[in-house]
Amino acid sequence: MGIVTRFAPSPTGYLHIGGARTALFNWLYARANGGKFLLRIEDTDRERSTDEATRAIFESMRWLGLDWDGEANSQFARRDRHAEVAHILLNTNHAYKCYATKEEIDAFRASPEGKYSSFQSPWRDAGPATTPDAPFVIRLKAPREGILSIDDAVQGKVTWKNAEFDDMILLRSDGTPTYTLAVIVDDHDMGVNTIIRGDEHLINAGRQSLIYNALGWDIPTFAHIPLIYGDDGKKLSKRHGATGAQEFREMGYLAEAMRNYLARLGWSHGDDELFTTEQAIEWFDLKGVNKAPSRFDFKKLDNVSKYHIENVSDDVLIAGLQDYIGSQDREPLTDGELVKLKAVLPIVRERSKKLPDLLDKSRFVLGARPFAPDENEAKHLISVSNGILKRLTPLLANVTTWTKEELETLFRDFAETEGVGLGKIAQPMKVVLSGTTKSPSTFDMMVAIGKDETLARINDAAAKM
RNA sequence: GGUCCCUUCGUCUAUCGGUUAGGACAUCUGGUUUUCAACCAGGAAAGAGGGGUUCAACUCCCCUAGGGACUACCA
């Protein structure tokens with residue numbers, strides 16, 4: 001049977017970056033094995049689930065390129081089936097009706113005994129004759145003796161004493177299923193055989209195995225991956241910069257870069273650091289997943305991001321750029337702008353850590369004359385006297401082969417004649433051409449826009465002096 | 001408190017009993033440079049502690065310490 005994995009977030013908020021990584025691992029594993037990757041929304045908690053959160057999760061998944069097979073499932077929609085299974089358990093004596101009230105249970109927990117032992121329902125072995133006509137929950141009749149172990153694909157063999165598990169609630173008093181029941185029923189019905197999820201679910205693998213056993217169902221392969229922390233080792237929070245997948249999109253990271261960085265966080269393939277998604281799919285396996293939690297490092301993310309901005313195809317870059325612009329609530333680049341941008345992509349994609357950096361560098365083609373200098377950049381124009389510009393302009397006008405090499409030679413020679421460093425001329429020229437010094441090389445820009453446009457921009461600047 | 005999990009440079013990690021413990025990011029030094037920056041060369045930097053097992057341990061076992069998760073009619 002093929003591999004079937006799933007990502008099962010609860011729609012109580014945006015997609016956390018840790019959840020995004022969990023989704024990525026499941027996706028990678030399914031794709032690596034030619035299997036299926038399912039998405040299921042765990043919305044059985046009606047109080048906290050919202051449609052808005054569901055939409056946010058879909059959007060982040062799409063942005064990250066984590067496509068799921070088939071329709072996304074709503075767990076809540078399958079509540080009848082969950083109840084049905086609870087009743088099967090009831091009929092086979094693997095579960096029982098518990099009439100203990102919340103107050104009784106709370107009182108037990110508050111008692112001295114409740115401090116060290118879990119609640120044991122008095123209804124576990126009550127005969128049908130004694131059952132009152134009152135609200136009840138259905139609890140699993142968990143074994144009280146023996147041990148249980150699972151063979152986790154990441155954590156290895158993990159063992160518990162059965163006595164550690166309490167008789168967990170399967171069906172609430174209002175008839176709705178709990179998470180514990182719902183997941184295993186859904187996973188079973190949907191054929192999920194590999195469950196990659198956060199470390200915090202490790203104990204649930206034990207609890208759920210009990211139910212799988214009671215039902216006589218095959219226990220899936222579990223892989224519990226460690227959590228992601230902030231750079232200080234604490235739970236990743238806003239304080240560390242960002243936690244929502246969407247925020248990374250808004251900061252201008254390419255989805256390709258996020259996949260690379262996230263995959264590398266807790267998983268490794270030898271010394272490979274920078275790779276494409278195709279390579280990740282080819283290499284991914286559970287053996288490479290680390291057992292220890294890792295910390296999120298924005299500096300390294302930037303480095304990975306820079307690599308992908310430089311190496312991704314033009315189409316992917318442009319699409320990423322448009323997506324980024326959209327995330328800023330700005331109008332997408334027009335076809336005309338795109339034509340100009342594509343022509344200079346090779347020189348603007350270099351040395352850009354994030355998408356906004358690339359956009360800054362593209363101002364000399366995306367912006368329009370006259371290019372007013374940024375406040376902080378105006379000083380470069382002051383430093384170059386009108387005289388220098390006047391002397392340089394005719395030289396430029398006489399250039400017949402408008403190439404980077406020619407121009408660079410001309411600038412160097414001119415700088416020498418003027419008795420100044422190249423920077424004193426090239427630097428102001430950048431401001432003349434783009435209004436800022438955050439631009440590609442002066443000569444690259446001049447070649448890109450051509451001789452006439454270059455001269456025109458010099459005129460604009462000269463007119464103001 | 002109880003149960004379970006984790007522990008290699010600052011960070012992400014390689015190592016699957018025998019290595020000068022490797023790489024990447026960050027950092028430091030020198031060089032280069034028309035900017036944000038990039039690039040080149042070089043440096044510093046790690047097996048939590050203690051016991052075992054073994055000819056040999058980062059690697060296997062135990063204990064301690066530290067960190068984390070769970071301990072809901074949440075997921």
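Remember, predicted model here, so these are calculated numbers, not experimental data. Chain naming here is simple, since letters A, B, ... match the order of the sequence lines and numbering starts at 1 in each.
A:F371 and A:R363 make their closest contact through CE2-O, 3.4 Å (heavy atoms, listed as atom of the first residue, atom of the second, distance).
Look at the C1' atom in both B:A56 and B:C60: the space between them is 13 Å, to the nearest Å. Between B:G51 and B:A26, the distance separating the two C1' atoms is 37 Å to the nearest Å. For B:C6 and B:A48, the P atoms lie 14 Å apart once the distance is rounded to whole Å. B:C61 and B:G18 are spaced 16 Å apart, taking the P atom of each and rounding to whole Å. Comparing the P positions of B:C9 and B:A45 gives an interatomic distance of 14 Å, to the nearest angstrom. Separation of the P atoms belonging to B:A72 and B:G67 is 23 Å when rounded to the nearest angstrom. Annotation: B:U54 and B:G49 have their P atoms spaced 23 Å apart (nearest Å). B:A69 and B:G30: their P atoms are spaced 44 Å apart (whole Å).
A straight line from CG of A:D297 to C1' of B:C9 spans 14 Å, rounded to a whole angstrom. In this structure, A:Q427 atom CD and B:U34 atom P are separated by 9 Å, rounded to whole Å. In this structure, CD1 of A:I225 is placed 23 Å from P of B:C4, rounded to the nearest angstrom. Protein atom CD of A:E164 is 5 Å distant from nucleotide atom C1' of B:U3, rounded to whole Å. If you take NE2 of A:H16 and C1' of B:A75, they are 15 Å apart, rounded to a whole angstrom. For the pair A:D271 CG and B:G23 P, the interatomic distance rounds to 8 Å; values are reported in whole Å. Taking atom CG of residue A:L262 and atom P of nucleotide B:U13, one finds them 12 Å apart after rounding to whole Å. A:H269 has its NE2 atom 21 Å from the P atom of B:G22, to the nearest Å.
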Base-contact (B) and sugar-phosphate-only (S) positions in nucleotides 68-73 of chain B, heavy-atom cut-off under 4.0 Å, - elsewhere: SSSSSB
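Test A:K424, A:K390, A:R391 against A:E418 for salt bridge (Lys or Arg N to Asp or Glu O under 4.0 Å) and you get one pass: A:R391. Screening A:R207, A:K97, A:R144 for a salt bridge (Lys or Arg N to Asp or Glu O under 4.0 Å) involving A:D167 leaves a single residue, A:R144. Put simply, the residue from A:I347, A:V344, A:T442, A:L407 that forms a side-chain contact (heavy atoms from CB on, under 4.5 Å) with A:V447 is A:L407.
Across every strand in view, B:A45 sits unpaired, with no contact that passes the Watson-Crick or G-U test at under 3.5 angstrom. Remark: B:U53 base-pairs with no nucleotide; criterion is Watson-Crick or G-U wobble with both hydrogen-bond distances under 3.5 Å. B:C39: Watson-Crick or G-U partner is B:G31, with both key distances under 3.5 Å.
A sub-4.0 Å separation between OP1 or OP2 of B:C6 and a side-chain N or O of A:N290 is absent.
In this structure, of B:U34, B:A24, B:C36, it is B:A24 that holds the atom nearest to the side chain of A:K300.
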Does A:F165 form a side-chain contact (heavy atoms from CB on, under 4.5 Å) with A:W160? I'd like the steps, not just the answer. CA-CA 9 Å; A:F165 300 108; A:W160 299 270; 3.7 Å; yes
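Comparing A:V154 and A:T437 by the nucleotide of RNA chain B that holds the closest heavy atom to each, the one mapping nearer the 5' end is A:V154.
A salt bridge is defined here as a Lys NZ or Arg NE, NH1 or NH2 lying under 4.0 Å from an Asp or Glu carboxylate O, and A:R412 with A:E416 fails to meet this definition.
Within 4.0 Å of A:K306, counting heavy atoms only, lie sugar-phosphate atoms of the nucleic acid but no base atom.
A:T277 and A:R259 share a side-chain donor-acceptor pair at under 3.5 Å. With 3.5 Å as the limit, one finds a donor-acceptor pair spanning the side chains of A:D186 and A:H82.
Side-chain atoms of A:S268 and base atoms of B:U13 include no donor and acceptor less than 3.5 Å apart. On a pure distance criterion of 3.5 Å, no polar donor-acceptor pair joins the side chain of A:K291 and the base of B:C5.
Under a cutoff of 6.0 Å and an axis angle of 45°, A:R79 and A:F76 form a cation-pi pair.
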